[in-house]
Asks: 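Starting off with a structure, shown below.
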Amino acid sequence: MSETGASGGTPDGDIPDGDTDTPDGETPVPARDGRIRRQRVIGAALVLVVAGAAGWFAVGHGRATAAAHHNIEITPTGCAPGWQPAAGSAQSFVIVNKSGRTGEIYLLDTNGGVVGEIEGLGPGVQRTMSVPLANGVYKWLCVMTDMPVRASGQGRVTGSTAPAVEAVLPVSEKDLAAPVAAYQAYVAPKLADLLRQVGTLRGAVQAGDVATARSDWLAAQSTWEQVGAAYGSFEDLGDAIGGLPHGLPGGVTDADFTGLHRIEFGLWHNEKPASLLPVVDKLAADVTELRGKLPQLTIDPNDLSLRAHEILEDALRDHLTGSTDQGSGAAFAETYADLQGTRVVFEELAALVTARRPELPAQARDQMNTLEVALLANRTDGRWLGLSAAPLANRQRVNGALGALLETLAAVPDLLEIRNASQATK
């Protein structure tokens, strides 16, 4: 599991290959949660305007255009009451928050697509949104903390020569329900595989066969890496199974350092195999408990699309710098497993991505294939090279391929984020 942890050595040499098998008005909604989102700015509102055919969100700072400013007020009981856009292409809106609450403000087109967004607008704060609008009908949506979602009346833009902005199509929890269910169905047999592999690992540890135990450990670690998109749902069990010694008072000797990386540390630091049996047994118990709890665990739909990018982002930051290594030198093997997990997540989301960026899935798949070839160049005769043993050219190819893929995948969380704007599209 890709987790930030303490640095360990990255020895020269190689390691064995593992077996990696709404209308105007109000709609009551709960208070917004604190889930992590991309492109957050702490302590300031973020003005986002959809730009160009690519459908990306561009960050602006509210600079005025030649257009006259129009105040858009958010009050305790209304969202942009009585607003009307100006004639012509250039539109500049001063968003004034008089609601007494922090929230998000969206400008929607007639299909409910988001063409402008301000995140984190605090009480008493105003921000300017400048956006070229094509002829058509638009409305505002105000999603303020602990208040009902409110939509404005419609406003019609006329006399514009601007092309239609490619709005970000809204995504709802219903849209993501099937991908989330499919991913949960994928995780269950992976945990069964992991438990079986831990049992095989125990046999080698009990027999004192360190070489076989190392190979068995890599198989189990690779399976855990492939479960990547679900780790945020595992809570304490995730740390128990895949945690690192970073931040623990006793470091690698701390009693709370358990699981796969604790076994890795022992196997590659000459600990007596018998001393690792209790650690292996606890790992088996933790995996068994996680399997039992899996039907009750839920994956946040926004997290699933986030993981399509984040799994490999973590691999680049953690594995390919050696910061998660506890002695095995398994960076390439773990990154390869992360790539397989990313493929699964991406394919579950591919139809939704295609509807918003038709060219992106093919590009991502090509780049995944390129990364896979680059990673496999570091496996010979069934053994993976450690970072320091791999030729510089090999490492450069991996880093280049991974960087290109991450640039492509970075669009997925934004394209598939469940924005509160989706509540006004029905």
Side-chain angles (χ1 to χ4, degrees), residues 1-11 13 15-20 190-191 193-195 197-202 204-205 210-228 230-232 234-273 275-290 311 314-338 341 384 386-388:
M1 181 58 47
S2 306
E3 309 243 0
T4 302
S7 296
T10 306
I15 60 173
D17 182 11
D19 176 21
T20 62
K190 280 294 177 183
L191 292 180
D193 289 344
L194 177 59
L195 186 59
Q197 290 163 336
V198 171
T200 302
L201 170 61
R202 190 189 193 284
V205 170
V210 174
T212 299
R214 288 178 172 180
S215 180
D216 293 339
W217 171 85
L218 182 59
Q221 177 66 27
S222 295
T223 297
W224 180 245
E225 295 288 336
Q226 291 174 23
V227 180
Y231 63 76
F234 293 163
E235 301 173 341
D236 291 344
L237 284 171
D239 290 334
I241 295 169
L244 287 149
H246 180 70
L248 296 177
V252 295
T253 64
D254 198 287
D256 287 335
F257 180 32
T258 62
L260 287 159
H261 286 298
R262 174 64 183 89
I263 297 167
E264 175 193 6
F265 182 86
L267 289 174
W268 272 271
H269 286 84
N270 301 315
E271 289 190 27
K272 293 182 179 179
S275 70
L276 293 175
L277 280 175
V279 185
V280 178
D281 288 341
K282 184 181 185 309
L283 173 60
D286 289 336
V287 174
T288 299
E289 183 179 355
L290 180 56
I311 296 172
D314 288 354
L316 178 62
R317 182 193 63 211
D318 300 334
H319 298 329
L320 295 178
T321 62
S323 67
T324 57
D325 181 32
Q326 297 300 303
S328 67
F332 292 125
E334 291 173 314
T335 302
Y336 181 81
D338 287 332
W384 287 93
L387 279 176
S388 58

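Just so it is clear, the structure is predicted and the values come from calculations on it, not from any experiment.
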Asks: Give me the atom names and distance for the closest heavy-atom approach of Glu225 to Ala337.
Replies: CB-CB, 3.7 Å
Asks: Is the ring pair Trp384/Tyr336 parallel, tilted or perpendicular, if the boundaries are 30 and 60 degrees?
Replies: tilted
Asks: State whether a side-chain donor-acceptor pair under 3.5 Å links Ser222 with Glu334.
Replies: no
Asks: Do Leu191 and Trp224 make a side-chain contact, defined as non-hydrogen atoms from C-beta onward lying under 4.5 Å apart?
Replies: yes
Asks: My understanding is that only residues two or more places apart in sequence, or in another chain, count here; which of them pass side chain to side chain donor-acceptor pair (under 3.5 Å) with Thr288?
Replies: none
Asks: Hey, what do you get for CH2 (Trp217) to CG (Leu283), rounding to the nearest 0.5 Å?
Replies: 11.5 Å
Asks: With Asp256, which residues qualify under side chain to side chain donor-acceptor pair (under 3.5 Å), at least two apart?
Replies: none
Asks: Would you mind reporting whether Gln326 and Leu244 have side-chain heavy atoms less than 4.5 Å apart?
Replies: yes
Asks: Verify, without hydrogens or angle tests, whether Glu289 (side chain) and Leu237 (backbone) share a donor-acceptor contact under 3.5 angstrom.
Replies: no
Asks: Counting C-beta onward and ignoring hydrogens, is there a side-chain heavy-atom pair between Ile241 and Leu260 closer than 4.5 Å?
Replies: yes
Asks: For Ser275, give me all partners under side chain to side chain contact (heavy atoms under 4.5 Å, CB included), at least two apart in sequence or on another chain.
Replies: Glu271, Lys272
Asks: Are Val252 and Arg262 side-chain neighbours, meaning at least one heavy-atom pair lies under 4.5 Å?
Replies: no
Asks: Heavy atoms only: give me the nearest Thr258-Ala240 pair and the separation to one decimal.
Replies: OG1-O, 2.9 Å
Asks: Supply the atom-to-atom distance Asn270 CG to Phe265 CZ, rounded to the nearest 0.5 angstrom.
Replies: 10.0 Å
Asks: Considering all heavy atoms of both residues, which atom of Val205 and which atom of Pro273 are nearest to each other, and what is their separation?
Replies: CG1-O, 3.1 Å
Asks: Roughly how far, to the nearest 0.5 Å, is CG of Asp318 from CG of Asp338?
Replies: 9.5 Å
Asks: Can you name the closest pair of heavy atoms from Asp254 and Pro249 and give their distance?
Replies: OD2-CD, 3.3 Å
Asks: Ser323 side chain to His319 main-chain N or O, any donor-acceptor pair under 3.5 Å?
Replies: no
Asks: Once salt bridge (charged side-chain N to carboxylate O under 4.0 Å, His left out) is applied, what residue pairs with a partner in residues 278-287 remain, sequence neighbours excluded?
Replies: Arg202-Asp281, Lys282-Asp286
Asks: Report the distance from atom CD of Gln226 to atom NZ of Lys190, rounding to the nearest 0.5 Å.
Replies: 3.5 Å
Asks: Begin from the C-alpha positions of Thr223 and Gln197 and carry the test side chain to side chain contact (heavy atoms under 4.5 Å, CB included) through to its verdict.
Replies: CA-CA 9 Å; Thr223 297; Gln197 290 163 336; 2.8 Å; yes
Asks: Who are the side chain to side chain contact (heavy atoms under 4.5 Å, CB included) partners of Ala285, not counting sequence neighbours?
Replies: none
Asks: Heavy-atom distance under 4.5 Å between the side chains of Leu218 and Ser328, does that happen here?
Replies: no
Asks: Flag the pair Val227 / Phe234 as yes when at least one side-chain heavy-atom distance between them is below 4.5 Å, and no otherwise.
Replies: yes
Asks: For Leu387 and Gly322, work out which heavy atoms get closest and say how close.
Replies: CD1-N, 3.8 Å
Asks: Using a 4.5 Å cut-off on heavy atoms from C-beta on, say whether the side chain of Trp268 contacts that of Arg214.
Replies: yes
Asks: Restricting to non-hydrogen atoms, name the atom on Leu201 and the atom on Ala213 that form the minimum distance, rounded to 0.1 Å.
Replies: CD1-O, 3.3 Å
Asks: Please examine the side chains of Leu320 and Phe332, heavy atoms only from C-beta on, and report whether any two atoms are closer than 4.5 Å.
Replies: yes
Asks: Look up atom OG1 in Thr200 and atom CG in Leu195, then write down how far apart they are to the nearest 0.5 Å.
Replies: 10.0 Å
